[in-house]
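I have placed the structure first, in the form of structure tokens, so that the comments after it can refer back to it.
Both ligands and their constituent atoms are indexed starting at 1 by order of listing.
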Amino acid sequence: MSKNCISSYTLEGLTALMKELGQPAFRAKQIFHWLHQKLVTEFSAMTDQPKALLAKLEEGYYIAAPAIARRQQSKDGTVKYLFALADGNCIETVIMRYHYGVTACVSTQVGCRMGCRFCASTQAGRVRNLEAGEIAAQIYAAQKDIGERISHIVLMGIGEPLDNFDNVMDFLSIISSPDGVNIGMRNISLSTCGVVPMIDKLAEKKLQLTLSISLHAPNDEMRSKMMPVNDAYPVAQLIAACRRYQETTGRRVSFEYSMVRGVNDSPATAKELAALIRGMGAHVNLIPINPVDGSSYSATDAENVKRFQSLLTDLGVNATVRRRLGSDISASCGQLRREEAAKEGRK
Ligand code: SAH
């Protein structure tokens, strides 16, 4: 029988589990503190728990604690981890330093099935979803390694967060809990390629996080070539879902726009983009694409990115150019895992 991940239980879930095990309710909070505040990785470290309970937990459960398989540090302070999970699968996590704090970019799945043409994470498809505790443990392991508190999270690593909805919701509950590391929802961004029904489902939760949409193109012809998900949920439907999301949550969405030379970077495309999202108060993050193996895409040069940005700004759309952190360590997600898999002849 395979063990369950104890780190994946929300405080509510843990309370129910303790009840099932015939334990007093206060044990749930104590164990939650051990797991998500003191960040222990062994049951034996929970010194205030009865031995019999610990033995029972040991028997049926494990604590998510990824091992650092590889670690790379960029000149700009960005750190990238290849983490090995309990079952041997690998995921990536990146730590970035900004003036406002330390941000962790975490993975939500092993691989991805969305098929975006420019993305390394999706090349071999999806292997499995990450458990809530496996998503959180990336933050804990990185925090211990750098010895600094992680203050912000972006769900922009490997995987599509809205394709692992329930586990991602549990992760958000765990990570923002005052009984855990207490990272506020306003410091969390969730990025999606645009799974429309799940955007609506997320809106109903009325969370205060930032929803970030990987738009990358303003029309169906262009976007479908870059992102197969667009065939299922075309641009008009996606933008309508964003408007509903803003309406329901009172939070503005932001758009990611990775710039590919000769594909989505012309002045006419900037105008089309501005016309599409003007009036939403949304913010656009521009970033030159990071070319990955097996893709014919190359990056728009810095000058043209700037020109695209000014055009958007002139047309009333707020746009910034993302700093490219960690480009000297192939920090674009999915690249490290692909390198490692190729070495080992795995997916
Ligand atoms: N699946 C989610 C989150 C993970 S990808 C999503 O699609 O949003 C995080 C961001 O990186 C997305 O905006 C994605 O489109 C972008 N991205 C992926 N590969 C890239 C590359 N090679 N260069 C630039 N951006 C890339």
I289 to ligand 1, any heavy atom closer than 4.0 Å: yes
Residue part near ligand 1, for C119, under 4.0 Å between non-hydrogen atoms: both
Contact atoms of ligand 1, heavy-atom distance to V292 under 4.0 Å: 22 (N)
E204 and T248, any side-chain heavy atoms less than 4.5 Å apart: no
Within reach of ligand 1, part of H216 (heavy-atom separation under 4.0 Å): side chain
Salt bridge flag under 4.0 Å for residues E134 and R128: yes
Note: D265-R307 ion pair, threshold 4.0 Å (strictly below): no
Location of contacts on T192 toward ligand 1, heavy atoms closer than 4.0 Å: backbone
Those atoms of ligand 1 less than 4.0 Å from some heavy atom in G159: 1 (N), 2 (C), 3 (C), 4 (C)
E256, portion touching ligand 1 at heavy-atom distance under 4.0 Å: side chain
Y81 side chain to D145 side chain, donor-acceptor N/O pair below 3.5 angstrom: yes
Distance flag, aromatic centroids of Y140 and H36, threshold under 6.0 Å: yes
Pair R126 + E160: basic N to acidic O under 4.0 Å: no
Hphob cluster co-occupancy, M259 + L315, side-chain heavy atoms under 4.5 angstrom: no
Basic-acidic side-chain contact under 4.0 Å: E256, R322: yes
N290 N/O under 3.5 Å from ligand 1 N/O: yes
Nearest candidate to atom 4 (C) of ligand 1, where distance is taken over non-hydrogen atoms, out of S212, C105, S191, G157: G157
A120 touching ligand 1 at heavy-atom level, < 4.0 angstrom: no
Nearest neighbour of atom 6 (C) of ligand 1 from the list P288, S214, C112, P291, on a heavy-atom basis: S214
Side chain T192, main chain G194, donor-acceptor under 3.5 Å: yes
Distance filter under 4.0 Å to C193 heavy atoms, resulting ligand 1 atoms: 6 (C), 7 (O), 8 (O)
Polar contact flag for M156 and ligand 1 (N/O pairs, less than 3.5 Å): no
